[in-house]
Amino acid sequence: MVKKTKKNKMWGGRFASGPSSLTEEMNASVHFDYRLYEEDIEVSIVHARMLGKQKIISTKEANLIISGLRKIRKEFDNGNFSLDKSLEDIHMNIERKLENKIGKTANKLHTARSRNDQVATDLRMYLRKQCYLIFELLKTLQEHLVTQAEKHYDTIMPGFTHMQIAQPITLGHHFLAYVEMLERDKSRFKDCVKRLNENPLGAGALAGTSFPIDRKITTKELNFSKPMGNSIDAVSSRDFVMETLSFVAISASHLSRLSEEIVIWVSDGYNFIELPDKLSTGSSIMPQKKNPDIAELIRGKTGRILGALMSIFVIMKALPLAYSKDLQEDKELTFDALDNFIISLKSMIAIIHSLKPNKKSLALAAGRNFSTATDLSDWLTFSLKIPFRVSHKITGEIVKHCEDSNIKLHEIDLDTLQSYDKRITGDVFKVLDLESSVKNKTSEGGTSPNNVKKSAIKWKKKLAHENL
Ligand code: ARG
């Protein structure tokens, strides 16, 4: 049985009875949107000041409201607050607290605004703050990757394609690949902030207002770049959430790929790196186990983040203009995605900072699977002017011979090599070892230790001078 409750004190005027407890429970968002309290109070302070300046309320009233709101903010900051679900959301909870503090003047705060423009403004400000934090964390992660790259500019490891050992590369080069990805992620967040920075406040419920508000004042004081140009769009659009979550999803998928590599690298078959105990976990049954749970969780949380992205798209895709309560569903998934992305970033920073590469296993693996075969083909083409397709075929035959004879490429004797092409000279052995292979990859963006060292230094300088 659905129980009737008292009329809602904030909007109950035209109602004969209050919402049922079921409706109240369904409708309430304060248990998650309380996280917007800081933004909500800031928006209200600026709104009240603007109302005062525009003489919509008196300066005295504005000041009373502002001082009450400041006190409420302190209470929230100190964790000293209670929330009432029957007041639905954070906006109404704060308004009620204000009334308890300053009396009836509190009822003037909601002049010339609606929760619709209020919540859109709060959320934009919240996301903007999170984007700044994410940007900083991405930068810190880059710095740790660059430090590892600098340390391991000439540490040889196998490069993979199709998960098969393909060609030797340097570990520093591999780390710097992620630095590049994260740089693009950062530029996406930077760009996203530009559009988050548009001010919906003043749009009212959807139509604007007949009060002589000044949206330039609130825009300036809330650090937005401009007031949004259309009140309907201002209250009903959530592409700023879709965009932020898209960029979170892209960046999370980068972290997830790196996590996957870390899980592979610490596994027994590879043993490429070691993680410290403090970033590993044990098994409750197998005493010998040391598991890379943290990297696995980053990978797992990325699935959850992608789910949030899908959710917001589905929520939005058929929503008519302007505001519908469906829009309230934007917040939990956004908070969840951001929380999980941020803790993933912090975890990845800790992992990269402390992982220890095992140079021996890396070099051993780099030498497997005839990884310098391409260098042999290149030599045939470069030194003997054999067309590459032909060199490729000759090399394939040589590799087959080595495989059948159970020897490495550089262990083959010159006579055998000359049986494939008599012009081959002993010089060829200069390109078949791992060190030469990486050293020779001097093309721009290639894996040579020299390139990697220069690139790491360039990144270090760039990151040291960078701000959002
Ligand atoms: N809690 C609501 C939300 O998050 C605030 C806006 C409510 N507006 C309304 N017309 N009921 O979307």
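Order of appearance sets the numbers: ligands from 1, and atoms from 1 within every ligand. Bear in mind the structure is a predicted one, so any value in this text is a computation, not a measurement.
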Legend entry - For His254, ring-ring contact (aromatic ring centres under 6.0 Å, His included) partners two or more places apart: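 ring-ring contact (aromatic ring centres under 6.0 Å, His included) list for His254, sorted by chain: empty.
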In residues 458-468, what donor-acceptor pairs under 3.5 Å come from side-chain atoms, sequence neighbours left out?
from: Lys460; atom 1: NZ; to: Glu150; atom 2: OE1; distance (Å): 3.1
from: Lys460; atom 1: NZ; to: Glu150; atom 2: OE2; distance (Å): 3.4
from: Lys462; atom 1: NZ; to: Glu183; atom 2: OE2; distance (Å): 3.3
from: His465; atom 1: ND1; to: Lys461; atom 2: O; distance (Å): 2.9
from: Glu466; atom 1: OE1; to: Lys186; atom 2: NZ; distance (Å): 2.6
from: Glu466; atom 1: OE2; to: Lys186; atom 2: NZ; distance (Å): 3.2

Who's the nearest protein heavy-atom neighbour of [atom], and how far?
atom: atom 11 (N) of ligand 1; value: Arg115 NH2, 3.5 Å
atom: atom 10 (N) of ligand 1; value: Asn116 OD1, 3.1 Å
atom: atom 5 (C) of ligand 1; value: Asp89 OD2, 3.5 Å
atom: atom 6 (C) of ligand 1; value: Tyr323 OH, 3.4 Å
atom: atom 2 (C) of ligand 1; value: Gln328 OE1, 3.2 Å

Inset, instruction - Would you kindly specify which portion of Lys331 sits under 4.0 Å from ligand 1, judged on non-hydrogen atoms: side chain, backbone, both or neither? - result: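 It is the side chain that touches ligand 1; the backbone stays farther off.
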Inset, instruction - Could you tell me whether His91 and ligand 1 have an N or O pair separated by under 3.5 Å? - result: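 So ligand 1 has no N or O lying under 3.5 Å from an N or O of His91.
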Inset, instruction - Compute the ring centroids of Tyr37 and Phe76, then answer whether they are less than 6.0 Å apart. - result: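 Yes: the rings meet the under 6.0 Å criterion.
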Legend entry - Stacked cation flag Arg35 on Phe335, 6.0 angstrom / 45 deg: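 Checked: cation-pi criterion met.
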Legend entry - Side chain Arg215, main chain Asn199, donor-acceptor under 3.5 Å: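 Pair found, side chain donor or acceptor close to backbone of Asn199.
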